[in-house]
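A quick write-up on the structure given underneath.
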Amino acid sequence: MNLEWMAWTLPTAVFFSFIVLMLIGMTIWEIKSPTVNRKGFLPISTTRGDRLFIGLLSSAYIHLLWVGLTEITIWFALVISIIWMFLVMRWG
Amino acid sequence: MKKWQDNRGWLFILPVFLIVAFSAVVPLMTVVNYSIQDIFGPGQRVFVGTEWFREVLTDERLHEALWRQLLFSGLVLLIEMPLGIAIALMMPDKKGFGASICLVVLALPLLIPWNVIGTIWIIFTRPDIGLMGATINTLGLTFDHTANGLHAWITLMLMEVWHWTPLVALLAYAGLQSIPPAYYQAAKIDGASSWAVFRYIQLPKMRGVLTIALLLRFMDSFLIYAEPFVLTGGGPGNTTTFLSIYLVKIAVGQFDLGPAGAFSLIYFLIVLLFCYLFYQALQNVGKGEQA
């Protein structure tokens, strides 16, 4: 199957592979240990899936703000996003 | 003892899963791929990293289009939601013949194709032969949506409200009809006012359908393209150039697929954020009162 029209690159392939792996991991985690609603530092009570969604969406905005406001390499935005994701998933 | 689970139901969602994968996920992945490359043609592309995102995020015309779009969607929601609820409240009960007439009349604008809506309103507002345009000009006022930005906005808002308020009204009406009569009887016994009935019975019971109406209307108005494109083409000047019109200018007009891909992703993230915020806000309305 020729996927040239999709114009794949290594970074995007890694990115989407990571997303797919994360979703598979979340599914297995959910089956093994079903989530419960809880209230952390976020202003709403959330499930594990909610926190993942919030973490991913806010990470996308962190990257956009970084790119739009600074000239510094985007790897710093990635590190900030990973720390933020961890905080949201653990205490959100 | 562990409860046995029948997982065959998952097979039933497989067709939807495949359709969504091919109609949404694959195009989205392609757009992500395009957004970080300079595409010259089939097989001719160069990796540029975040360059297009930086270019798009610092584009003044995009900022203007975004504020215009937010203003448009905000006005649409501010007008259509209360108006739709008011129409639904005024509609006759579902048992009568009047309700059927109302439902058909309300559904009519929703049946017209979007590009035809634009054409109808071009004719309707023409200053020389249009019923609305000519009537206003006869009164001594000058109205020309092709030359005046404010007039173009008024025309667009009228068109949008006329086209889509019926959807809100129909959804609200469906919500109202699903309220059991016992609620109204209890309110009557308690001597509740009309406002109290609306505030504490009808509005909470309509929350589900109003969430759907709000999300649909926000997404549709935020992604609007066909009607303003046909009616004003984004003009006069750039006064009605919304995000979608500007995006098409970049993607199709200039064939800049990389910047268009970056623009599309930012557009998608904005819609996603607002829809999530609206959804959460509406899900949490009245929770404190129920507790």
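The chains referred to below are lettered A, B, ... by the order of the sequence lines, with proteins before strands, and numbering in each begins at 1.
Only the side chain of B:Tyr34 comes within contact range of chain A, with at least one heavy atom under 4.5 Å from a heavy atom of that chain. Using a 4.5 Å cut-off between heavy atoms, B:Ile270 contacts chain A through both its backbone and its side chain. Heavy atoms of A:Leu64 lying under 4.5 Å from chain B belong to its backbone as well as its side chain. Interface remark: B:Leu265 contributes no atoms to any contact with chain A (heavy atom separation under 4.5 Å). Using a 4.5 Å cut-off between heavy atoms, A:Leu69 makes no contact with chain B at all. For a residue to count as touching a neighbouring chain, one of its non-hydrogen atoms must lie under 4.5 Å from one of that chain's; by this rule B:Val26 touches chain A with backbone and side chain alike. Interface remark: B:Thr58 contributes side-chain atoms only to the contact with chain A (heavy atom separation under 4.5 Å). Proximity to chain B (any heavy atom under 4.5 Å) is shown, for A:Thr73, by neither the backbone nor the side chain.
Summarising the local packing, CZ of A:Phe41 is surrounded by more than 12 heavy atoms from other residues, nucleotides or ligands at distances under 6.0 Å. Summarising the local packing, CZ of B:Phe47 is surrounded by more than 12 heavy atoms from other residues, nucleotides or ligands at distances under 6.0 Å. No more than 12 heavy atoms of other residues, nucleotides or ligands sit less than 6.0 Å from atom OH of B:Tyr279. Taking a 6.0 Å sphere around CZ of B:Phe72, one finds it holds more than 12 heavy atoms contributed by other residues, nucleotides or ligands. Sparse packing is recorded around NZ of B:Lys205, with 12 or fewer heavy atoms of other residues, nucleotides or ligands lying under 6.0 Å away.
The OH atom of A:Tyr61 lies 9.5 Å from the CD1 atom of B:Ile266; values are rounded to the nearest 0.5 Å. Distance check: A:Ser58 OG to B:Leu273 CG gives 9.5 Å after rounding to the nearest 0.5 Å. In this structure, the separation between CD1 on A:Ile74 and CZ on B:Arg54 is 7.5 Å, given to the nearest 0.5 Å.
Contacts between residues 12-36 of chain A and chain B, counted as heavy-atom pairs separated by less than 4.5 Å, involve A:Thr12, A:Phe16.
Counting heavy-atom pairs closer than 4.5 Å to chain A, the top-ranked of the candidates B:Arg45, B:Glu55, B:Gln37 is B:Arg45.
In terms of heavy atoms, A:Ala7 sits closest to B:Asn33 at O-CB, 3.2 Å.
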Stepwise side-chain contact (heavy atoms from CB on, under 4.5 Å) check, A:Ile54 with B:Tyr276:
CA-CA 9 Å; A:Ile54 292 166; B:Tyr276 188 71; 3.5 Å; yes
